[in-house]
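Accompanying notes for the structure given below.
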Amino acid sequence: MIAEQPVQKGGRVERIVVRILQVLMLIIFALGLYYGNSGVFVNAGVGLLVTLLPGVLKRRYDFTMNVGIVLWISLAMFLHAFGTLPLPGLDFLSPYKAVWWWDHMTHALSSSLVAGAAYAVTRALMVHTEHINMPPRFMFAYLLIFVMAFGVMWELLEFYIGVVSQLLGAEEVLTQYGLDDTVLDLMYNTLGGLLVAIFGTAHLTGVSDEILGRMGRESTDR
């Protein structure tokens, strides 16, 4: 059973969309198990677990996430999971292979999540302690560098998973399509981080405030 998302008041439509995306990921996970496709069920399963994290944070740490952020996370996870699903009628190609822009879209969206998380945590730390201070221009550069570094680590992870899968004769869970694809992935990762650095930081203040409030409560309890 998919747990209800603990989000702020309002946003009823967004909560319904999140629930629909979770159910669809559960279906994709089941299809992957049924057909024995590890790439499908692993990616769908991990994505589904990520969408349930807001509920875990609420129950264990009293951290309430904005409904828009939860939808953002759920959409990114669903698009990635759906991208691994073979499409009948297209020689069983997945959207990642059949649609040229699918990989670019998911990389940009996922990297925007990474940038958003980095901003929210860093801003909370800046307010919580006087030892960290980042002027707006430095924060802009920091987010871009953080996303680019994360992107490089992800590409290395894809590469080594592919190598290990070939050595073991197993199906690849993550696939790398060559150097040109890696360069494009890094470009779209940077684009996602750039969009958050320019337009998204104002919408992440609430998340930072929640993190800051949690830090304050922990400091008081000590």
Side-chain angles (χ1 to χ4, degrees), residues 1-7 13-57 65-117 147 150-151 153-162 164-165 170-177 181-182 184-186 188-189 191-193 195-196:
M1 182 177 181
I2 304 298
E4 183 175 355
Q5 293 295 332
V7 295
V13 174
E14 288 87 345
R15 290 199 297 273
I16 293 174
V17 174
V18 168
R19 183 69 64 83
I20 291 173
L21 293 175
Q22 289 179 324
V23 171
L24 290 175
M25 276 188 283
L26 185 59
I27 294 173
I28 294 172
F29 175 78
L31 288 173
L33 285 178
Y34 181 79
Y35 289 107
N37 190 322
S38 60
V40 172
F41 72 73
V42 169
N43 283 286
V46 171
L48 182 59
L49 289 176
V50 171
T51 67
L52 298 177
L53 282 178
V56 176
L57 293 174
M65 194 172 293
N66 181 276
V67 62
I69 304 297
V70 177
L71 179 57
W72 185 10
I73 295 171
S74 301
L75 182 61
M77 295 300 101
F78 167 75
L79 290 174
H80 174 63
F82 184 78
T84 64
L85 190 64
L87 297 174
L90 291 176
D91 295 327
F92 295 97
L93 294 177
S94 68
Y96 271 121
K97 297 177 181 178
V99 183
W100 68 268
W101 47 263
W102 195 275
D103 188 41
H104 307 326
M105 173 187 64
T106 55
H107 270 274
L109 189 56
S110 299
S111 64
S112 69
L113 281 176
V114 173
V147 168
F150 187 90
M153 292 176 59
W154 182 262
E155 294 300 321
L156 289 173
L157 178 65
E158 284 187 346
F159 174 76
Y160 285 114
I161 286 178
V164 172
S165 297
E171 188 176 0
E172 293 184 1
V173 176
L174 296 173
T175 305
Q176 194 173 56
Y177 298 101
D181 177 71
T182 298
L184 285 173
D185 287 347
L186 294 175
Y188 281 94
N189 287 342
L191 175 62
L195 291 175
V196 171

| request: Sequence neighbours left out, what passes side chain to side chain donor-acceptor pair (under 3.5 Å) with Thr106? Give chain and number order. | output: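 Tyr96.
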Closest approach of [X] to [Y] (non-hydrogen atoms, all atoms of both residues):
X	Y	answer
Ala81	Met25	CB-CG, 4.2 Å
Val196	Gly116	CG1-N, 3.9 Å
Gly193	Ala115	CA-CB, 3.9 Å
Pro95	Trp102	O-CB, 3.5 Å
Ser111	Tyr188	OG-O, 3.7 Å
Gly32	Val40	CA-CG1, 3.7 Å

Does a side-chain heavy-atom distance below 4.5 Å link [X] with [Y]?
X	Y	value
Ser74	Val18	yes
Val147	Phe150	no
Leu52	Gln22	yes

Could you grab the distance from atom [atom1] of [X] to atom [atom2] of [Y], nearest 0.5 Å is fine?
X	Y	atom1	atom2	answer
Ser94	Lys97	OG	NZ	5.5 Å
Glu155	Asp185	CD	CG	4.5 Å
Leu48	Asn43	CG	CG	12.5 Å
Leu85	Ile28	CG	CD1	5.5 Å
His80	His107	NE2	NE2	8.5 Å
Leu186	Thr182	CG	OG1	7.0 Å

| field | Of Thr51, Leu71, Ile73, the residue whose pairing with Leu21 passes side-chain contact (heavy atoms from CB on, under 4.5 Å) | value |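 Passing option: Leu71.
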| task | Starting from the C-alpha separation in whole Å, work towards a yes-or-no answer on side chain to side chain contact (heavy atoms under 4.5 Å, CB included) for Phe78 and Leu24. | result | CA-CA 8 Å; Phe78 167 75; Leu24 290 175; 3.7 Å; yes
| said: Walk me through whether Glu14 and Val70 qualify under side chain to side chain contact (heavy atoms under 4.5 Å, CB included). | reply: CA-CA 9 Å; Glu14 288 87 345; Val70 177; over 6 Å; no
